[in-house]
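Step one of this worksheet: look at the structure below.
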There are 2 protein chains.
Amino acid sequence: MISHGNNRKLLTPEREALILEALGNGVRTISELAATLQVSEATVRRDLRTLEQRGALQRVHGGAVRVDDGEKREPLFHEKTTLRADEKERIAEAALGLIEDGDSIYLDGGSTVLALARKLSSRHELTVVTNSLMAAAELMESGHKLILLGGEFRPLSRTLVGPLTSPIGEALHIGKAFFGTIGLTASGVSTTDPGEAFTKKLILGRAEQAILLADSGKIGRTSLVDAGKLDDFSCLVTDSGASPDFLKILKKHRVEFIIA
Amino acid sequence: MISHGNNRKLLTPEREALILEALGNGVRTISELAATLQVSEATVRRDLRTLEQRGALQRVHGGAVRVDDGEKREPLFHEKTTLRADEKERIAEAALGLIEDGDSIYLDGGSTVLALARKLSSRHELTVVTNSLMAAAELMESGHKLILLGGEFRPLSRTLVGPLTSPIGEALHIGKAFFGTIGLTASGVSTTDPGEAFTKKLILGRAEQAILLADSGKIGRTSLVDAGKLDDFSCLVTDSGASPDFLKILKKHRVEFIIA
DNA sequence: CAAATTCTTTCATAAACTTGCAAAAATAAA
DNA sequence: TTTATTTTTGCAAGTTTATGAAAGAATTTG
């Protein structure tokens, strides 16, 4: 049992953990949870909403039920990787369908692309180029040919970014490049770090096909730095949350899309 | 639990270490941390900001949570059990003495050099260039500037090797380069993989000082590919098992040596 | 269909965060 | 040593975010 002996106010992640624990395998009402956590029902509702977004539980009228996938004890605290985990999983699965044995592909940073990396053991003789240390770690023992872009290490995303990636990037020929992003709008993709944007654009210019993996939560969001126009991409893989309006925009730019 | 018996003021890195320790696997509020460390909340916020930048934790409103350590390090870290661990440890310690704050250094692959990488937290503001994924994983959260050589991944040594390392290698200026090796004789160092030899020679040509870390077991052994002459190195760090005869050869080639 | 409950939205307030600035400490220079 | 310069720290003003309450919309239930 997670206890909070000292009765200081709980932080959001703690509350979320307690909610999930309280749910166990069953059902809890809003008022029960509010009483247990000593917060208002409004706050419980807000927490439940984000947890549902994350795929950790399912809301029902009056409360919530747990969708226990067996081994989900850990994900409480590192939300970044598990945000919208279900959508990302499905998106990665759909992207996998675009890859054939013998392909030479590029993997960008980001958790959605990382989910794709985990699935690559079902293909053979790939040449995988990447700037993501997480993806590289995943593929170390895969048997595929693995090439890392060199460059400056960016701790937050665990990727190699910036101008130093360009000499090696320019030496490579890439068939299909799979990108993640922070924000996606009609004017293109954007990301937080200039170095990251630089490297994205570099690879965008060298790949025969550029495929963007982005859950619908990314659509409509913008970040600091522009990292490529919509026209630069040949395909977007997203989930069913994408608005029809945005899909219309994609058509206008001749970007195919796959709803996973 | 945290304690810092003597009540002198803590230095920033000490505070950061204590914050990480306090977080353990859980979550702490700003005010808790401020009370524990006896500094203002503003300072805690600043520390948390840099630690988040460094990827060591994640901030939430009101405090911070630890980004689970176990999962991120494990995959990169499965290391073959090191032979002659004691010697390697001492050699690494001696090599550490050659590094000063602000230096720009290169770390090659191999377990001895990896041992050196683990000690680098006692230095500040280093620029570390490496072709070793093990070393990179070790230094991810160190706060040092980290640059990876790009290139083809060699699973056995977990390093990046071959011709693709040359464009980026040629763009860098390196002060002190630390190398490992398989074999070391009067005619120079040798290694098993041609790609690895290529990259060693590349960096050898670009570093102001080349320092070889090799336990005495390596002396007298040869491997497949030549990877540099004795004259290319300015210093060898080894253990007391090195034969006087070989030390005489070193002197003739004007290679300094340190017996750790 | 109506009553009751639950949900969403909006808003006010309190807590937490960011930024800029000045004092204090540490470091370098004289 | 003293003095100057840089860095770090704490404080305060303004901004943002989270929370709980309240009113209207939606859903369930009899």
Side-chain angles (χ1 to χ4, degrees), chain A residues 4 6-19 22-23 26-54 57-65 76-77 79-80 83 156 182-183 192 217 220-224 241 243, chain B residues 4 6-19 22-23 26-54 56-65 100-103 122-126 143-145:
Chain A
H4 48 288
N6 42 2
N7 21 344
R8 70 163 166 75
K9 235 175 91 190
L10 294 169
L11 299 179
T12 312
E14 295 181 287
R15 239 179 17 233
E16 290 174 343
L18 285 171
I19 288 176
L23 278 178
V27 189
R28 274 308 104 101
T29 66
I30 301 277
S31 48
E32 280 172 347
L33 291 168
T36 310
L37 302 172
Q38 315 234 41
V39 293
S40 75
E41 302 197 347
T43 300
V44 173
R45 290 204 174 87
R46 273 185 271 252
D47 286 348
L48 290 182
R49 197 175 309 165
T50 67
L51 285 168
E52 183 176 46
Q53 282 266 314
R54 199 180 303 169
L57 53 77
Q58 185 166 356
R59 296 183 67 189
V60 294
H61 200 85
V65 294
L76 311 180
F77 282 173
E79 16 184 358
K80 241 182 184 167
L83 222 84
L156 210 64
I182 303 286
T192 48
R221 298 184 58 175
T222 26
S223 190
L224 188 64
S243 73
Chain B
H4 48 283
N6 44 1
N7 19 343
R8 72 160 165 77
K9 233 178 99 192
L10 294 168
L11 272 31
T12 309
E14 295 180 286
R15 234 177 23 231
E16 289 175 343
L18 286 172
I19 287 177
L23 278 178
V27 51
R28 282 295 111 101
T29 65
I30 302 276
S31 48
E32 282 173 345
L33 291 169
T36 311
L37 302 171
Q38 316 232 39
V39 292
S40 76
E41 303 197 345
T43 302
V44 173
R45 290 205 175 88
R46 273 185 272 253
D47 287 348
L48 291 182
R49 196 176 309 168
T50 68
L51 285 167
E52 183 178 47
Q53 280 284 321
R54 200 178 297 174
L57 54 77
Q58 182 166 0
R59 298 183 67 190
V60 296
H61 198 86
V65 298
E100 291 163 29
D101 288 358
D103 274 359
S122 60
R123 294 289 182 279
H124 297 282
E125 300 285 322
L126 299 179
H144 298 306
K145 182 163 185 170

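Within every chain, numbering begins at 1; the chains are lettered A, B, ... in the order of the sequence lines, protein sequences first and strands thereafter. Computed from a predicted model, the values in this text were never measured in an experiment.
Separating the CG atom of B/L37 from the P atom of D/dT8 is a distance of 17 Å, rounded to the nearest angstrom. In this structure, B/D101 atom CG and C/dT27 atom P are separated by 11 Å, rounded to whole Å. A/I30 places its CD1 atom 19 Å from the P atom of D/dA26, with the value rounded to the nearest Å. Atom CG of B/D47 is separated from atom P of D/dG10 by 10 Å (rounded to the nearest Å). Separating the CD atom of B/E125 from the C1' atom of D/dT6 is a distance of 14 Å, rounded to the nearest angstrom. If you take NE2 of B/H124 and P of D/dT6, they are 21 Å apart, rounded to a whole angstrom. One interatomic measurement links the two molecules: CD of A/E41 to C1' of D/dT19, which rounds to 14 Å at whole-angstrom precision. B/L33 places its CG atom 15 Å from the C1' atom of C/dC17, with the value rounded to the nearest Å.
For the pair B/R59 (side chain) and B/E52 (backbone), a donor-acceptor distance under 3.5 Å is absent. No donor-acceptor pair under 3.5 Å is formed between the side chain of B/R15 and the backbone N or O of B/D47.
The two residues B/V60 and A/P13 come nearest to each other via the heavy atoms CG1-CG, 3.8 Å. Taking all atoms of both residues into account, the shortest heavy-atom contact from B/G63 to A/L11 is CA-CD1, 3.9 Å.
Residue A/A42 is the one, among A/A42 and B/S31, whose nearest nucleotide of DNA chain C lies closer to the 5' end (criterion: closest heavy atom). Mapping A/T12 and A/H61 onto DNA chain D by nearest heavy atom places A/T12 closer to the 5' end of the strand. A residue-by-residue look at A/R49 and B/G62 shows that A/R49 has its nearest nucleotide of DNA chain C further toward the 5' end.
More than 12 heavy atoms of other residues, nucleotides or ligands sit less than 6.0 Å from atom CD of A/E32.
For a distance-only test at 3.5 Å, the side chain of A/R46 qualifies as a donor-acceptor partner of the base of D/dG20.
Residue A/V44 is classed as having no contact, given no heavy-atom separation below 4.0 Å to the nucleic acid.
Of the side-chain N and O atoms in B/R45, none sit less than 4.0 angstrom from OP1 or OP2 of D/dT8. Taking only side-chain nitrogens and oxygens, B/T43 comes nearer than 4.0 Å to OP1 or OP2 of D/dG10.
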